[in-house]
Trainee: 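Below is the structure I would like to discuss, written out as structure tokens.
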Amino acid sequence: MRKETSRAIQGTWILTIASLFSELLSAIYRIPLQNIVGDRGYFIYQQVYPIYGIFSVLALSGLPVVISKVFAQQSGINAKSELMKRTFISLMIISVLITASLWIAAHKLAFFMGDPNLYHEVRAVSLTFLLIPFEASIRGYFQSELIMEPSAISQISEQLVRIIVIIGAAMMFGRGLLSEYQMGTIANGGAFVGGLFAVIILMISLFIKRPFVKDDSNIGLKFEKGLSLEIVLIIIFTGITIFYQFIDSFSMLRLLMKSGKSLPEAEILKGIFDRAQPLIQLGIVISLSFVSAIMPQLKSNKFDNNKQLIGKMMRVCLWLATAETAGLISLMPIVNTMLFTNADGSFALGVYMLSIVIVSGINLLIAVTSSDNEKNIIKLLIFLVSLVAKAVLNVVLIPHFHIVGAALATVLSELVILVGLLIIYTGDRKNLLISGEFTFKVLSLGLFMALCIRALEKFMTHYLPLTRGSSVLINLILIPIGVLIYLLMSKAWKVLEKSEWEILPMGKLIIKIMRIK
């Protein structure tokens, strides 16, 4: 038991560090991209990003998480081998259909996005879906065995190759060799090239491990009741922000123009709004990594034994997500300037950052209740209601509040899901493994830290003009101060137990330095 607990925690941090590094790269490449191609060029690249985002959810998080749980339920190698075959074939059929549909519908999709010239980019991104059967099935198997290294290495490699292609396209555009749309097409095609590298790494890892050597065990595949709906829910909720981005891609330009903005102005505003996406993805990475490690622990014969560990992992995850959210909101003008040369849209981006803690909470609640077949239909309905809410709120808020309205619409729609989940589990809070008292403490702690950092930021910017250089300096000073405040107040308020501090990277060292008992 102790050995498996250690593997779960170690696996969580391997995947978390890899995902953080991958998302950090994703945030960093947007700096030269936006600086080279401008807000309009950035908009052209980013407008079809939600389609890539769906691929990313299917290949990197949603499908591997569910597949890992199903693999963990199988008792013999023959059963796992048969499951791998069936999973791969099923995903291949679905992926081919998705790619063909996107390719054929590219012109119409581009038109509905507000710019018919984007159809080449839609087609470039559609090719990535052909890689899903390889990436999702192999990652799912390795994660079921708590072997996170292949997923981690392939994810970083995929991102590196993709970024090389994107920056190469941006540099060619900067030299006048490509038009904005050609740049966007090649940049979005980088997702397919990077995915190919990931597939090669995963297949090599599978060949080295040779996990599917035949034995004498019966095939006898085991599937939980309601598995299909559970798969749909996990995929939807691990990629929840992508669906809201889709609605923004199809509605924001027209709504901004309805408010009196010209098309170029609307495109620039949308490009500024899209600055938030890498930061939100970076923030949500931790919760997705925790979910990836929690899901294999949820198989029916192990849940009771692992309940305590799962609860600790969930509390640590929410604690970290709150710190990220509070830190980014309090430092948003500085972070925005440091990354994108100016502070345009900082208030809207700050509002948008609330998504990190809300979506992290949603991911954890969905993961720990994923096997509750009686309420899974209700969860799906809540999700659909939130999408309708997002579309309606966009129509109501964007014409009056522009990108601030879009950010508010997203956050309020996410709250529809979070509040809905809490309501349907009102009489069963113990199974959610996070108490109301803990949640109140963590949110209060995040607010206290944010107010302290915001006050210090206002003091520093009063004496230092806000430039990219000064923003780097301010971040270097205030981020460690924020971390220190958060850690010290967490100890003073006894937010985490000693065993939960140990889950953190270098947890034992932190305990020793801070003298936590």
Side-chain angles (χ1 to χ4, degrees), residues 14-15 17-34 36-37 42 44-64 91-92 95 98-99 102-103 120-140 142-143 148-173 178 182-206 238-239 242 245 274 277-278 281-282 284-285 288-289 292:
I14 288 173
L15 201 57
I17 292 167
S19 299
L20 282 172
F21 184 66
S22 178
E23 291 300 336
L24 185 62
L25 290 173
S26 182
I28 289 172
Y29 86 76
R30 282 172 164 83
I31 300 169
L33 176 64
Q34 187 265 352
I36 295 170
V37 304
Y42 185 61
I44 288 171
Y45 162 75
Q46 196 73 23
Q47 187 71 341
V48 300
Y49 184 85
I51 300 177
Y52 168 74
I54 289 179
F55 157 78
S56 182
V57 167
L58 293 172
L60 294 178
S61 52
L63 277 175
L91 289 178
M92 181 56 75
S95 298
I98 292 173
T99 299
L102 287 172
W103 191 275
H120 285 300
E121 296 181 37
V122 175
R123 287 182 169 176
V125 174
S126 72
L127 297 175
T128 59
F129 287 85
L130 296 175
L131 305 175
I132 288 174
F134 302 92
E135 294 199 49
S137 58
I138 299 175
R139 282 186 173 122
F142 280 127
Q143 288 172 204
M148 303 299 188
E149 290 85 352
S151 292
I153 295 169
S154 63
Q155 188 173 335
I156 291 172
S157 302
E158 180 172 352
Q159 194 69 274
L160 278 171
V161 173
R162 175 171 163 262
I163 288 168
I164 289 169
V165 174
I166 291 170
I167 298 303
M171 290 176 69
M172 291 175 71
F173 166 78
L178 297 174
Q182 289 171 330
M183 176 277 299
T185 301
I186 294 173
N188 280 290
F192 179 72
V193 180
L196 283 176
F197 274 79
V199 168
I200 292 169
I201 290 169
L202 289 167
M203 292 187 72
I204 290 173
S205 300
L206 196 67
T238 52
I242 299 298
Q245 289 171 23
D274 285 339
Q277 291 182 16
Q281 289 165 355
L282 192 64
I284 295 173
V285 155
L288 291 178
S289 299
S292 297

Trainee: Would you please test Val193 and Arg162 for side chain to side chain contact (heavy atoms under 4.5 Å, CB included) and show each step?
Mentor: CA-CA 7 Å; Val193 180; Arg162 175 171 163 262; over 6 Å; no
Trainee: Say you draw a straight line from CD of Gln47 to CD of Gln245; how long is it, rounded to the nearest 0.5 Å?
Mentor: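 Interatomic distance, Gln47 CD to Gln245 CD, rounded to 0.5 Å: 10.5 Å.
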Trainee: With a 4.5 Å heavy-atom cut-off, do Val125 and Thr128 have their side chains touching?
Mentor: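 Yes; the side chains approach each other to less than 4.5 Å.
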Trainee: Could you measure the distance from the OG atom of Ser154 to the CD1 atom of Ile138? Nearest 0.5 Å is fine.
Mentor: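 Reported value, rounded in 0.5 Å steps: 9.0 Å.
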Trainee: Side chains of Gln182 and Met172: closer than 4.5 Å at any heavy-atom pair?
Mentor: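 Side-chain contact under 4.5 Å: no.
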Trainee: What's the spacing between Leu91 CG and Leu131 CG if we round to 0.5 Å?
Mentor: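 CG of Leu131 is found 12.0 Å from CG of Leu91.
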Trainee: Are the side chain of Thr99 and the backbone of Ser126 linked by a donor-acceptor contact shorter than 3.5 Å?
Mentor: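 Looks like yes, one N/O pair under 3.5 Å.
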Trainee: Are the side chains of Glu158 and Ile201 in contact, using a 4.5 Å heavy-atom criterion?
Mentor: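 No. Closest side-chain heavy atoms not under 4.5 Å.
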Trainee: Out of curiosity, Ile166 CD1 to Ile186 CD1, how far, rounded to the nearest 0.5 Å?
Mentor: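 These two atoms lie 11.5 Å from each other.
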Trainee: Can you check side chain to side chain contact (heavy atoms under 4.5 Å, CB included) on Tyr42 and Asp274, steps first, answer last?
Mentor: CA-CA 8 Å; Tyr42 185 61; Asp274 285 339; 4.0 Å; yes
Trainee: Distance check, rounded to the nearest 0.5 Å: Ile167 atom CD1 versus Ile36 atom CD1?
Mentor: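 Output value for this atom pair is 6.0 Å.
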Trainee: Taking the side chain as every heavy atom from C-beta outward, state whether Val37 and Tyr45 have any atom pair closer than 4.5 Å.
Mentor: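 The answer is no; the side chains never approach within 4.5 Å.
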Trainee: Heavy-atom count check: over 12 atoms from other residues, nucleotides or ligands less than 6.0 Å from Met92 CE?
Mentor: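 It does: Met92 CE has more than 12 such atoms within range.
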Trainee: Where do Ser95 and Pro133 come nearest, in terms of heavy atoms and distance?
Mentor: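 Reported closest heavy-atom pair: OG-CD, 3.4 Å.
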Trainee: Could you tell me if the side chain of Phe129 sits less than 4.5 Å from the side chain of Ile54, heavy atoms only?
Mentor: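 Heavy-atom side-chain distance check passes, below 4.5 Å.
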Trainee: When you measure from the side chain of Arg123 to the backbone of Trp103, do you find a donor-acceptor pair of N or O atoms at a distance under 3.5 Å?
Mentor: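 Flag set: sc Arg123 to bb Trp103 pair under 3.5 Å.
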Trainee: If you take all heavy atoms of Val165 and Gly190, which pair is closest and at what distance?
Mentor: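 The pair with the smallest heavy-atom distance is CG1-CA, 3.6 Å.
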Trainee: Could you tell me the separation between the CG atom of Leu206 and the CG atom of Leu202, rounded to the nearest 0.5 Å?
Mentor: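 Rounded to the nearest 0.5 Å, the CG-CG separation comes out at 8.5 Å.
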Trainee: For side chain to side chain contact (heavy atoms under 4.5 Å, CB included), just list the numbers for Glu121 and Ile51, CA-CA rounded to whole Å, side-chain angles, deciding distance to a tenth of an Å, and then say yes or no.
Mentor: CA-CA 10 Å; Glu121 296 181 37; Ile51 300 177; over 6 Å; no
